[in-house]
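Remember, it's 1-based here, ligands and their atoms both numbered in the order they're listed. Keep in mind that the numbers below use all heavy atoms, side chains included, and drop hydrogens, waters and symmetry copies.
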Amino acid sequence: MSYTAAGALHMHTFFSDGTGSVQDLVRAAKESGLHWIWITDHDDLRAKPQEGYHDGLLVLVGYEITPRRNHYLVGDTNEIISRELPPAGYIDAVRAQGALGIIAHPDERVVNEYTEGYEWEDWSLRGFDGIELWNYMSDWIQHYTPLMKYRNFFLPRFALAGPTAKTLAWWDGLQVEGARPSGVFGVDAHAHRVHRLGREWTVYPYRHCFDRLTNYLQLDSPLSRDFDVAAAQVWAALRAGRNIMANRIHGEATHATFEARNRAGDAVTCGQELPLGDGVTLNFTAPRPAELRLIRNGETVATTPQQQALRFDAHLTGHYRVEAWRGSQLWLMTNHVHVV
Ligand SMILES: [Zn+2]
Ligand SMILES: [Zn+2]
């Protein structure tokens, strides 16, 4: 039995270059139906005293290490690591603290009026806990062109491409290699204010971002009402990859499940390991029909047309994950189940 806790991560308040307060984020996240948020201002922990439960919403505060390039999300910590270190230096320092480190928007390469291309440069580095596979703001900015600007603003669903093939190939390859970083979706919400067409607009409001990219953590017990226990549950699930990620433009995923069960009756979900023994059955269920794809070690091994369930008998060890597609867009993506 697993319990889901929906939440968003990677967001900025007015302590860095966002426009809202912690309370603004809380209000937006509550309206969006989330259970937890993780705030990540740039090299700044001033929101830390506001960590805790706010109106039933779990608020966690970390930060984003933000040099010119190579941004790194840090959680489960009270201490800022210097952005003056090289990336290998802050990866190691975060790890030495026992904190959680996630590479932010690794494949952001386009340069335009909103970005100088904040990519992750050295993909041979190791020691991080996770990868932000899909960054909402980054995806939008990558597809920005002067011509498409207004269409993309008013109809953002057309501007979204999803995780890049390069990022996914890296993530899958790291599982095979044994590093096993987890995957997350990040909103990178700022609620930027701009003046265009004779009025002030917010690009994009916090609520808008929260309604898009969501992490559904798969927990053994409900999210605790005790702050310290709940925080430990969220950090552990993010670290392990006990997470089904969703683009909620295509629907909620509270009831999406991914389970692997062997002949001995042992069952696990994504982010966990299961011995192959005499064979493992993988079961994925989605809350509405979608095209489902099962991927092993980066290769698609099974697909369904529009369906709500995918069942697969695995006779090989490997790192298995599922994608659910609605039309040409990615809706759900699980982390890997490790069959060993
Ligand atoms: Zn960043
Ligand atoms: Zn950011």
Among all residues two or more places apart in sequence or in another chain, which pass the ring pair (Phe, Tyr, Trp, His ring centres under 6.0 Å) test with His338? His319
Heavy-atom pair with the smallest gap, counting every atom of Ala240 and Ser182: C-CB, 4.1 Å
If the threshold is 4.0 Å, N to carboxylate O, is there a salt bridge linking Asp24 and Arg27? yes
Listed as residue and atom, the protein N/O/S atoms under 2.8 Å from the Zn ion (ligand 2) are His10 NE2, His12 NE2, Glu64 OE1, Asp188 OD1
Assess, by modelled atom type and distance only, whether the side chains of Thr285 and Thr257 contain a donor and an acceptor separated by less than 3.5 Å. yes
State, yes or no, whether a side-chain contact exists between Asn335 and Phe258 at a heavy-atom distance under 4.5 Å. no
Centroid-to-centroid, Phe128 to Trp170, below 6.0 Å? yes
